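Below is one structure, written out as structure tokens, with a few remarks after it.
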Amino acid sequence: MEALFRTHKYLVEHVESPVQRQLMDEIDWNHRLIGIKGSRGVGKTTFLLEYAKQRFGADDRSCLYINLNNFYFTTCSLYDFADEFCKVGGRTLLIDQVFKLPNWSEDLRECYDKIPDLNIVFSGSSVMRLKEENPLLRDCVKSYNLRGFSFREYLNLMADTHFKSYTLDEILKNHVEIASEIVSKVKPLAYFQNYLHHGFAPFFLEKRNFSENLLKTMNMMLEVDVLFIKQIELKYLPKIRKLLYLIASTAPSVPNVSQLSTEINISRATVMNYIKYLSDARLFNLLYAEGDEFPKKPAMVYMQNTNLMHAITPGNVDLQAQRETFFYNVLYKDHKLNKGNRDAQFLVDHSLQFVIADSDSRMKFKPDYYYAIDKIEVGSKKVVPLWLFGFLY
């Protein structure tokens, strides 16, 4: 255990990458079992270490970060370790890569039931079901999702600003005043395209090739978050990779399940299951008509964020697809999105019809629609700058 304390101290002292401070403030840290879910590469490890640094400091031995990739945990059970940690004064255990334990749900539940003085915060893949399909943890875990940087967070980092977030209702009612205030201090459109290209994932902060790093991470998502956690045989990985590419190349689009089934040589049912797994892994966003849900075929399949589009099809990203993907990605965190009517791309919260368009589009504006328009700094009435929706978190 002493070696793990030394590792903890070093990691906490050297954590430097920015984290989502808004989520840090939203979490009820007094709860005894907290799960931090998120896609691979989104910064879950940094988030845990930053929490340790902010709330405890590197030398406080009542908090300990452990990574279950460590071979030590091949012979030591999580419960035995947690029990020993608590006996030497431990009160908060931060667990990374918890899914590496074959029976991680049972192990966490045992710690929760038998060690009431210990708080556990663990990170997990977005594929892991902590509520819907996990009766062992359903009644005791608080689950939170760590997302990539919003445009607001990216802008604050790049332009050294300190803009706050707004609710959707605040933006729709006061977008002219909000946008005018922001534009008076910084030119958001000067940063927006860079954000769409590489600002969602935190890799842009590292001194490595962004696209190569993102591609490696996407492959890891397939190999670990899909195959390993969903217990799919490795021989099916090429089919899943091909499915991802075929859909990504045309997204957003209505999936032709029969054609995909033929091209990949798998059943229609398996195509639908794989699409769902890729959505759970935060590679796709599935848009359904109102009232529909899986296992029905989605009305549209989007890439989960615009950075993925640029990594998979570099130099060949459709700008309208990019706009719609951005809008879906920033709203789905707190809002219900369905396919809009024939004139609108999205129906938000069962009542708001949204059209996503370029500023050069020649359209007749309907009074009962909202318009998210690209390439404008400040809007008017129900015409809202697209970039401003990046301030929702």
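Since the structure is predicted, the reported quantities are computational estimates derived from the model, not experimental observations.
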**OP:** Start with the C-alpha distance between S123 and D96, add both sets of side-chain angles, then the distance that settles side chain to side chain donor-acceptor pair (under 3.5 Å), and finish with yes or no.
**Re:** CA-CA 5 Å; S123 73; D96 213 354; 2.4 Å; yes
Original post:
Does the side chain to side chain donor-acceptor pair (under 3.5 Å) test come out yes or no for N305 and R147, once each step is laid out?
Top reply: CA-CA 11 Å; N305 66 77; R147 307 188 70 236; over 6 Å; no
**OP:** Check the pair L278 / I247 against side chain to side chain contact (heavy atoms under 4.5 Å, CB included), numbers first and verdict last.
**Re:** CA-CA 11 Å; L278 293 170; I247 293 179; 5.7 Å; no
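Under the 30°/60° scheme for interplanar angles, the aromatic rings of Y51 and F56 are found to stand perpendicular. Between F210 and H197, the ring planes are tilted. Angles from 30° to 60° get that label.
A salt bridge does not link K216 to E212: none of the charged nitrogens lies less than 4.0 Å from a carboxylate oxygen. Using a cutoff of 4.0 Å between basic side-chain nitrogens and carboxylate oxygens, E290 and K336 are not scored as salt-bridged. D343 has a carboxylate O that lies under 4.0 Å from a charged side-chain N of K366, or vice versa, which qualifies the two as a salt bridge.
A cation-pi arrangement is absent between K100 and F73, since the terminal nitrogen or guanidinium carbon is not both under 6.0 Å from the aromatic centre and inside a 45° cone about the axis.
Other residues, nucleotides and ligands place no more than 12 heavy atoms under 6.0 Å from the CZ atom of R241. Other residues, nucleotides and ligands place no more than 12 heavy atoms under 6.0 Å from the OH atom of Y10. By the neighbour-count criterion of 12 heavy atoms within 6.0 Å, atom OH of Y72 is densely surrounded, having more than that number from other residues, nucleotides or ligands.
Aromatic rings from F151 and Y195 are positioned such that their centres are separated by under 6.0 Å. For F192 and F326, the gap between ring centers is short of 6.0 Å.
If you chain together hydrophobic residues whose side chains sit under 4.5 Å apart, L337 and V254 fall into the same group.
With Y144 contributing its side chain and D28 its backbone, the two residues share a donor-acceptor pair below 3.5 Å.
Sequence neighbours left out, the pairs with a member in residues 78-94 that pass salt bridge (Lys or Arg N to Asp or Glu O under 4.0 Å) are D83-K87. Residues in residues 381-392 take part in no side-chain hydrogen bond (donor to acceptor under 3.5 Å, both in side chains) pair, two or more places apart or across chains.
Under the ring pair (Phe, Tyr, Trp, His ring centres under 6.0 Å) test applied with Y328, the options F389, F346, F354, F284 reduce to a single match, F346.
Counting heavy atoms from C-beta on, the side chains of L392 and S150 never come closer than 4.5 Å.
Separation of atoms CG (L108) and SG (C140) is listed at 8.5 Å; rounding is to 0.5 Å. Remark: K44 NZ to L146 CG distance equals 7.5 Å, nearest 0.5 Å.
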